[in-house]
Amino acid sequence: MGGADPRVVCVAGEPTYAQFENDANTALLSLLSHPTIASKEEIVRRYDHEVLGATVGKPLVGPAGNGPGDAAVLRPVLPDQPGSAGIVLSNGVNPLYSLYDPFQMALCAVDEALRNLTAVGGDIERTAILDNFCWGNPADPAQMGSLVRAVKGCYEASVGFGTSLCLSKDSLNNEYRAMASVLPVIPTLLISAFGVIDDAAHTVDSSLKAAGNLLFQVA
């Protein structure tokens, strides 16, 4: 899943990288404890995230069911009905990237959603994406400009991947007051991808299945 790199320390606007002195255990624990990577189970389970219990691949995975999965797999057809087709639902979001370039943030959000969908067996060629913008006041030229940049990025990504783009309910004018100032929320684009798979039983999740399972870093 996406998120800020916990090794990065911003000084005067320029990122620098902390060193873990080749201690893989320290690096791994530091990454897993970072708020943007750590499990959101406590928050997720406050809401009805499995309507009618139709999930074949759960949004939370692992032996304890508390680790974030790449995507959810649903089989809306009841077990006593024929057919094994299913639906894959995934997401992509990285709001902090918008502070640097909303266009690139949109590209990354679409890319992440489609990668997550592919990781559990989905097919990009049978996938559509859904956008959800959470932005400040569009009457502010800076907010409007960043929103336009994000929309262009969303368009370029959907065309580039050849996916249909369905317009969603967007939320504007998200601001809050701090002392005498009115501050907008961090511009955020959430991309949801949903696709059809022929057999919902033939999917895989990201949890390790047994001691000795290998982890690969893809550069």
Side-chain angles (χ1 to χ4, degrees), residues 1-6 24-79 83-97 105 108-124 126-132 134 163 166 168-169 171 186 188-218:
M1 302 297 286
D5 189 332
N25 290 330
T26 300
L28 177 60
L29 292 176
S30 178
L31 285 167
L32 294 178
S33 65
H34 194 276
T36 62
I37 298 176
S39 174
K40 310 300 188 297
E41 182 202 13
E42 181 181 355
I43 299 173
V44 171
R45 293 199 183 279
R46 298 177 188 176
Y47 304 91
D48 186 3
H49 61 286
E50 291 194 57
V51 179
L52 298 180
T55 49
V56 177
K58 304 294 185 180
L60 296 169
V61 300
N66 60 358
D70 292 310
V73 180
L74 301 92
R75 184 167 178 253
V77 180
L78 297 177
S84 57
I87 298 172
V88 180
L89 176 62
S90 64
N91 297 291
V93 62
N94 191 346
L96 294 180
Y97 209 159
M105 176 195 67
C108 288
V110 174
D111 180 73
E112 180 187 7
L114 294 177
R115 284 174 181 266
N116 287 339
L117 179 135
T118 303
V120 300
D123 184 352
I124 293 179
R126 304 178 66 187
T127 297
I129 59 176
L130 186 76
D131 67 74
N132 192 294
C134 185
T163 57
C166 306
S168 176
K169 177 184 178 295
S171 180
I186 295 176
T188 302
L189 169 63
L190 169 66
I191 292 292
S192 299
F194 51 98
V196 177
I197 53 175
D198 293 326
D199 189 348
H202 286 78
T203 61
V204 64
D205 62 46
S206 58
S207 64
L208 300 177
K209 305 301 185 291
N213 284 170
L214 298 178
L215 291 175
F216 295 88
Q217 178 179 355
V218 181

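Computed from a predicted structure; not experimentally measured.
Thr55 OG1 to Leu60 CG: the interatomic distance, rounded to the nearest 0.5 Å, is 10.0 Å. Of the inter-residue distances, the one linking Ile129 atom CD1 with Leu114 atom CG reads 6.5 Å to the nearest 0.5 angstrom. Atom CD1 of residue Ile124 and atom OG1 of residue Thr118 lie 4.0 Å apart, to the nearest 0.5 angstrom. In this structure, CD1 in Ile191 is found 11.5 Å from SG in Cys108, a value given to the nearest 0.5 Å. Atom OG1 in Thr203 sits 11.0 Å away from atom CG in Asp70 (nearest 0.5 Å).
Judged purely by atom type and a 3.5 angstrom limit, Lys40 uses its side chain to pair as donor or acceptor with the backbone of Ala38. Without hydrogens or angle criteria, Ser30 side chain to Thr26 main chain gives no donor-acceptor distance under 3.5 Å. A donor-acceptor pair is defined here as one N or O able to donate and one able to accept, closer than 3.5 Å; no such pair exists between the side chain of Ser207 and the backbone of Val61. A donor-acceptor contact shorter than 3.5 Å links the side chain of Ser90 to the backbone of Ala113. Checked by atom type and distance alone, the side chain of Asn116 pairs as donor or acceptor with a backbone atom of Asn91 at under 3.5 Å.
Side-chain atoms of Met105 and Leu189, non-hydrogen and from C-beta on, do get closer than 4.5 Å to each other.
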Worksheet entry | Working for side-chain contact (heavy atoms from CB on, under 4.5 Å), residues Arg126 and Val88 | CA-CA 10 Å; Arg126 304 178 66 187; Val88 180; over 6 Å; no

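Evaluated for a side chain to side chain contact (heavy atoms under 4.5 Å, CB included) with Arg75, the options Val56, Ile87, Asp199 yield exactly one hit, Val56. Checked against Ile197 for a side chain to side chain contact (heavy atoms under 4.5 Å, CB included), the options Val120, Asp123, Val73 give a single hit: Val73.
In plain terms, the two heavy atoms of Glu41 and Asn66 that are nearest each other are OE1-CB, 3.0 Å. Minimum heavy-atom separation, Glu112 to Val93: OE1-N, 3.0 Å. Closest non-hydrogen pair, Ala119 versus Val204, comes out as O-CG1, 3.6 Å. Pairing each heavy atom of Ile186 with each of Pro95, the nearest pair is CG2-O, 3.4 Å. Across Leu130 and Cys166, no two heavy atoms sit closer than the pair CD1-O, 3.4 Å.
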